Asks: 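Please read through the structure below; I'll follow up with questions.
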Amino acid sequence: MAIHIDETNQVFHLQTDHTSYVFQVLAHGVLGQLYYGKQIHVRPSYANLARRELKNSMPAYDLTEPDFQLDAIKQEYAATGTGDFRRPAYQVTQADGSRLTDFRYDHYEVVQGKQRLTGLPSTFDDTDDGAETLIVHLTDDLTQLDLELNYTVFPHQDVIVRSANFKNHGVTSVTLNAALSAQVDLPDDRYDLVQFSGSWSRERHMIRTPLRSGIQLIDSVRGSSSPQQNPFMMLARPDTTEDAGGVFGFNLVYSGNFLDQVEVDQYATSRVLVGINPADFGWHLRPGATFQTPECVLSYTTDGFNQLSQQLADFYAQHLVNANFAKRERPILVNNWEATYFDFDDQKLLGIAKKAKDLGIEMFVLDDGWFGHRDDDHTSLGDWVTDPHKLPKGIGHFADQVHDLGLQFGLWFEPEMLSLDSQMYRTHPEWLLHTPQRRATPGRNQFVLDFSRQIVVDNLFEQMSKVIDETHLDYIKWDMNRYMTEVFSTGLPVDQQLEVSHRYILGVYQLYERLTSRYPDVLFESCASGGGRFDLGMMYYAPQAWTSDDTDAIERLKIQLGTSYGYPQSMMGAHVSAVPNEQTGRITSLATRANVAYFGAFGYELDITKMPEEEAEIVKEQVAFYKQHRSLYQFGKLYRIDSLFEGDGNVMSWMVVDDKQDHAIACRYQLLSRPNAPYLRQYFKGLDPDKQYRINGGDATYYGDELMNAGLFLTKVFDETAAVKQLADFSSQRFVIDAVE
Ligand code: GLA
């Protein structure tokens with residue numbers, strides 16, 4: 001049993017295998033938060049945790065209980081305006097202009113398992129993994145609003161999923177100005193905030209800073225989760241490392257404007273808020289209507305960052321990713337984008353596909369430029385019909401030719417966008433997301449479709465279905481290449497304009513839902529100018545995401561390393577591209593490029609027809625090697641060892657280990673080579689201390705305990721024949737570790 005309820009004291013204790021989450025109904029039906037952290041015993045009362053003391057100069061709830069002061073109480077889902085001056089979890093504007101509510105505890109229910117949400121991506125428990133859901137009902141008598149706080153406990157992954165649901169039982173409409181998914185009030189502020197920030201081509205670099213008094217927030221108002229800030233955030237004790245120490249993880253199952261906020265108050269308590277960004281948000285809740293927030297994933301461990309990442313990866317594989325793909329090995333692909341950009345015809349593409357087949361690659365992906373008359377990025381978005389100049393016999397015929405080669409076929413779409421030079425815009429100018437009588441701001445020479453309109457979603461569903469049917473498509477790369485501006489829908493009334501950003505994302509989800517239901521075997525890879533929409537909302541529909549437009553191996557190390565804290569490696573699209581690299585001009589070896597890209601959903605993105613024969617031979621070997629170890633790379637337990645975000649940032653290493661601890665692959669990457677450098681040892685993790693292992697098929701064997709604690713001495717000799725080589729700048733050393741029979 002995961003949910004323990006003490007009816008007398010109205011205490012709710014949610015227990016996972018290693019954590020406890022405790023809250024209680026306090027006076028006046030206010031929900032107070034007592035504890036979240038390492039598992040503690042179930043007891044009838046936690047009076048110790050609920051204790052309060054009279055704080056000077058603070059408002060009290062009423063005259064009879066001067067020490068019941070909302071600003072000093074740790075709460076579950078706090079309101080504003082009645083004595084708690086910290087930022088609230090929600091706010092409701094009513095017909096008379098009042099923003100006050102008084103939600104009081106009413107009753108609870110417990111249900112086995114976990115239902116999916118309708119219209120939003122969500123977690124689930126299809127495999128009877130022991131999930132239990134607690135629904136706590138609160139009501140506000142004056143407005144007749146009901147508030148449901150949902151908690152699902154996933155005991156074995158140490159995850160609790162929270163969301164809130166508002167229902168209007170009253171006779172007048174209200175507006176939700178804020179409706180966050182989860183609030184956690186931690187009793188102290190001795191945490192580092194760990195965030196994953198960057199920009200286009202520099203996504204998800206890890207930043208770790210101590211909490212301080214006041215509000216620190218990470219958010220997006222760009223209409224997508226964004227490359228600038230990622231919704232995954234951690235709070236770690238200052239001494240937490242990869243392998244030890246307390247750390248909370250928070251993430252939102254959502255792809256639009258989000259907010260992750262921590263507020264350290266005057267008593268050094270830390271209020272965490274996660275949900276849809278209240279900035280530029282408002283939801284008109286009519287009588288009888290409900291509003292469901294996205295879900296927030298909460299997880300905790302005392303065993304450091306590696307453990308947190310591993311339990312989250314396990315959780316997503318079992319309870320978030322489309323079960324069809326969660327554990328299915330992903331095809332090795334070649335993508336023509338960096339090989340040809342817009343400049344191709346069917347012969348050129350077929351040349352790449354044929355070469356790919358020779359090299360053992362499994363899928364050919366045709367990227368941007370196959371539709372309308374798209375010879376550059378000014379045109380044709382919205383018109384998903386073959387460009388006859390490039391593919392004279394149509395996309396269906398081209399797909400047949402690729403399939404006939406024995407390759408899978410994938411195609412690029414950017415369904416949410418519109419070019420002014422398009423049949424769609426000429427026919428339906430009103431489908432453009434714009435504010436009447438104002439200019440519309442272009443981004444990458446294109447505009448955004450109003451996905452809050454059902455007719456737009458229907459149109460894209462029809463157009464895309466037609467292409468999928470015609471091509472028997474195996475894979476779709478769903479791109480989204482700009483931020484949203486002039487967020488206004490001419491299809492919605494005045495009082496609903498603050499709903500547009502959220503409705504837009506709901507439209508995107510609906511299209512994903514319909515396509516993935518009709519075509520369950522099509523693998524989706526999400527993309528937003530690279531990793532601009534790398535989030536759990538996307539992960540629900542698209543098990544893969546293009547991690548970054550930056551394919552430089554060295555830049556990719558930081559991007560993939562940062563990403564790995566909150567997302568499994570199977571989600572990270574990672575390709576070998578040409579050198580000098582298009583984004584950085586850097587030259588790295590083919591071996592290093594592959595050693596970086598192996599730790600993800602692997603592929604190539606360069607003109608393989610122009611490769612010298614010696615390189616083609618190397619690629620053939622790389623493809624064969626990856627096939628042999630693909631399952632380990634994509635689904636093995638990932639351990640970060642040396643980090644580029646720490647120390648002098650010159651070395652990174654990490655490894656994947658299989659469930660039985662029989663096979664592992666580690667890789668060490670060196671940025672710059674140094675003369676007369678200190679001795680080098682490579683330490684490993686996650687091995688069985690009592691098993692003996694061989695490295696790279698060598699004769700020597702080592703116990704796991706030795707490899708993990710004493711490490712492996714690395715020679716600095718530039719010896720090409722050594723089993724373990726250490727080379728120059730941008731070098732990588734791979735260690736294939738196999739238990740001895
Ligand atoms: C975005 C993607 C790229 C490529 C181009 C095509 O930038 O991230 O991978 O698909 O669009 O226009």
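It should be emphasised that the depicted structure is a prediction, and the values quoted were computed from it without experimental measurement. One-based numbering, in listed order, for ligands and for the atoms of each.
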Asks: Is there at least one pair of N or O atoms, one from Arg444 and one from ligand 1, spaced under 3.5 Å apart?
Replies: yes

Asks: Considering non-hydrogen atoms of the protein only, which is the closest contact for atom 5 (C) of ligand 1, and what is the distance?
Replies: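 Scanning the protein heavy atoms, the shortest distance from atom 5 (C) of ligand 1 goes to Trp337 CE2, 3.6 Å.
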
Asks: Within this structure, what is the NE2-OG1 distance for the pair His397 and Thr386, rounded to the nearest 0.5 Å?
Replies: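 So the gap between those two atoms works out to 12.0 Å.
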
Asks: Run the contact test for Glu414 against ligand 1 with a 4.0 Å cut-off on heavy atoms, strictly below, and give the result.
Replies: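 No; Glu414 lies far enough from ligand 1 that no heavy-atom distance drops under 4.0 Å.
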
Asks: Can you report which non-hydrogen protein atom sits closest to atom 3 (C) of ligand 1, along with the distance?
Replies: Asp549 OD1, 3.4 Å

Asks: Nearest protein heavy atom to atom 9 (O) of ligand 1, by residue and atom, and its distance?
Replies: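 Protein heavy atom at minimum distance: Lys477 NZ, 2.8 Å.
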
Asks: Would you tell me which option among Asp367, Thr547, Asp368, Asp479 has the nearest heavy-atom contact to atom 2 (C) of ligand 1?
Replies: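 Among Asp367, Thr547, Asp368, Asp479, the closest heavy atom to atom 2 (C) of ligand 1 comes from Asp479.
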
Asks: Taking the six-membered ring of Phe325 as reference, does the NZ or CZ atom of Arg328 fall below 6.0 Å from its centre and within a 45° cone about the axis?
Replies: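 Yes, Arg328 sits over the ring of Phe325.
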
Asks: Could you tell me whether Arg330 sits above the aromatic face of Tyr475, with NZ or CZ closer than 6.0 angstrom to the six-membered ring centre and within 45 degrees of the axis?
Replies: no

Asks: Which ligand 1 atoms are under 4.0 Å away from a heavy-atom of Cys527?
Replies: 2 (C), 8 (O)

Asks: Give the numbers and elements of all ligand 1 atoms closer than 4.0 Å to a heavy atom of Gly530.
Replies: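 Checking each atom against Gly530, I get 8 (O).
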
Asks: Can a donor-acceptor pair be found, under 3.5 Å and without considering hydrogens, that links the side chain of Arg556 to the backbone of Asp550?
Replies: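 Judged by distance alone, yes, a pair lies under 3.5 Å.
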
Asks: Please state which part of Asn481 comes within less than 4.0 Å of ligand 1, counting heavy atoms only: side chain, backbone, both or neither.
Replies: side chain

Asks: Please determine whether any non-hydrogen atom of Glu605 lies less than 4.0 Å from an atom of ligand 1.
Replies: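 It does not; every heavy atom stays at 4.0 Å or beyond.
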
Asks: Parallel, tilted or perpendicular: which describes the rings of Phe534 and Tyr567, with under 30° parallel and over 60° perpendicular?
Replies: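 Rings of Phe534 and Tyr567: perpendicular, over 60°.
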
Asks: Does the side chain to side chain donor-acceptor pair (under 3.5 Å) test come out yes or no for Gln228 and Arg222, once each step is laid out?
Replies: CA-CA 10 Å; Gln228 285 77 13; Arg222 291 166 193 267; 3.3 Å; yes

Asks: Hey, can you tell me if His629 and Phe625 have their rings parallel, tilted or perpendicular (30° and 60° cut-offs)?
Replies: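 Aromatic pair His629/Phe625 classed tilted.
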
